[in-house]
Amino acid sequence: MKKSLIPILIAVLMLSSGCSPAATPAPSSLAEAEDTATLQTLEIPALPDGVELIEEVKGENGISHTRWLYDSMVLIESTSVECTEANVEDIATQIEKLNGNDTSDFYAAIDDTMSQKFTYPVWRISYYTGSNEDTRTNVDIYIQTDSMDYWFHTSTPSDFYEDYEESIETWIASLAFAD
């Protein structure tokens with residue numbers, strides 16, 4: 001009888017946190033249920049040596065935030081956050097909240113290749129922040145899992161974005177969950 005309650009409890013917990021249990025098959029054992037609840041860590045294997053670690057915060061409930069600076073130009077962030085709904089409006093609101101800046105020319109779409117790689121919805125997002133000579137080009141990847149969302153963020157002065165575009169795309173292609 002206890003085994004049959006586990007999937008229900010997980011679904012209730014996920015719904016209360018805003019995550020959708022629909023994409024996850026019900027666990028068949030207590031051990032599998034505990035594995036389902038395990039939070040993952042987003043890795044960036046292609047991040048080059050010499051990237052300066054600015055901040056690393058591990059909070060409650062698996063929420064974490066790491067910030068780096070590359071070549072004194074590109075701000076890189078990796079953050080895990082509570083789940084949000086899978087639509088452009090809610091993703092935009094989440095990005096503005098995480099970024100702390102107003103955005104312009106916001107574009108978000110599901111990235112099919114990355115979604116297949118992670119087996120979860122993965123959004124590719126681009127937008128601008130700042131104005132005039134302080135305008136920054138932002139390219140983000142937002143991964144929605146059943147237990148947590150993951151935000152990989154890059155922000156580059158727009159005047160220099162083309163110089164770093166290839167590196168940013170390499171970092172994005174290397175994103176993976178730690179084993």
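Computed from heavy atoms alone, side chains included, the values below leave out hydrogens, waters and symmetry copies.
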* To do: Check the pair Leu42, Phe177 against side-chain contact (heavy atoms from CB on, under 4.5 Å), reporting the backbone distance first and the verdict last.
  => CA-CA 5 Å; Leu42 188 62; Phe177 285 133; 4.1 Å; yes

* Starting from the C-alpha separation in whole Å, work towards a yes-or-no answer on side-chain contact (heavy atoms from CB on, under 4.5 Å) for Leu53 and Arg67. => CA-CA 6 Å; Leu53 177 64; Arg67 182 182 293 197; over 6 Å; no

* To do: Apply side-chain contact (heavy atoms from CB on, under 4.5 Å) to the pair Val88 and Trp123, showing each step before the final yes or no.
  => CA-CA 9 Å; Val88 173; Trp123 296 79; 3.7 Å; yes

* Go through the steps for Thr84 and Gln144 under the test side-chain contact (heavy atoms from CB on, under 4.5 Å), then give the verdict. => CA-CA 8 Å; Thr84 191; Gln144 295 188 292; 3.6 Å; yes

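For the atom pair OG of Ser131 and CD of Glu133, the computed distance is 7.5 Å after rounding to the nearest 0.5 Å. Ile54 CD1 to Leu75 CG: the interatomic distance, rounded to the nearest 0.5 Å, is 6.0 Å. To the nearest 0.5 Å, atom CH2 of residue Trp171 and atom CH2 of residue Trp68 are 10.5 Å apart. The OG1 atom of Thr156 sits 8.5 Å away from atom CE of Met73, with the distance rounded to the nearest 0.5 Å. Atom CD1 of residue Ile91 and atom CH2 of residue Trp151 lie 12.0 Å apart, to the nearest 0.5 angstrom. Remark: Tyr70 OH to Glu52 CD distance equals 13.5 Å, nearest 0.5 Å.
Contact between Val81 and Ile63 at its shortest, heavy atoms only, is CA-CG1, 4.4 Å. Listed here is the closest heavy atom pair of Ser147 and Cys83: C-SG, 3.8 Å.
At least one donor-acceptor pair closer than 3.5 Å links the side chain of Thr145 to the backbone N or O of Met148. Lys117 places no side-chain N or O within donor-acceptor distance of the main-chain N or O of Asp112, the cut-off being under 3.5 Å. Side-chain atoms of Thr135 come within 3.5 Å of backbone atoms of Asn132 as a donor-acceptor pair (strictly under, hydrogens ignored). In this structure, the side chain of Asp111 does not engage the main chain of Ala109 through any donor-acceptor pair within 3.5 Å. Between the Ser80 side chain and the Ser64 main chain, a donor and an acceptor come within less than 3.5 Å of each other. Not one N or O on the side chain of Asp140 forms a donor-acceptor pair closer than 3.5 Å with the backbone of Ile95.
Side-chain contact between Tyr161 and Ile168: present, with at least one pair of heavy atoms (C-beta onward) separated by less than 4.5 Å. Side-chain contact check for Leu175 versus Met114: some heavy-atom pair is nearer than 4.5 Å. Considering only heavy atoms from C-beta on, Val74 stays 4.5 Å or farther from Ser167 through its side chain. In this structure, Val139 and Glu165 have side chains that are not in contact, with every pair of non-hydrogen atoms separated by 4.5 Å or more. Between Tyr150 and Phe118, every side-chain heavy-atom pair lies at or beyond the 4.5 Å cut-off.
Phe160 is not connected to Leu69 by any chain of hydrophobic side-chain contacts under 4.5 Å among Ile, Leu, Val, Met, Phe, Trp and Tyr, and they are in different clusters.
Between His153 and Tyr127, the ring planes lie parallel to each other; the angle is under 30°, not in the 30° to 60° tilted range.
At a cut-off of 3.5 Å, with distance as the only test, a side-chain donor of Tyr142 or Gln94 sits close to an acceptor on the other residue. Side-chain contact annotation: Ser78 with Thr66, donor-acceptor N/O pair under 3.5 Å absent. Inspection of the His65 and Glu77 side chains reveals an N or O donor paired with an N or O acceptor under 3.5 Å.
We find that Glu169 and Arg124 are joined by a salt bridge, their nearest charged nitrogen and carboxylate oxygen being less than 4.0 Å apart.
Counting heavy atoms of neighbouring residues, nucleotides and ligands inside a 6.0 Å radius, atom OH of Tyr128 does not exceed 12 of them. Counting heavy atoms of neighbouring residues, nucleotides and ligands inside a 6.0 Å radius, atom CD of Glu166 does not exceed 12 of them.
Considering Thr154, Ile125, Val122 in turn, Val122 is the only one that fulfils the side-chain contact (heavy atoms from CB on, under 4.5 Å) rule with Ile141. The one candidate from Thr137, Asp134, Asn138, Thr129 that meets the side chain to side chain donor-acceptor pair (under 3.5 Å) condition with Ser158 is Thr137.
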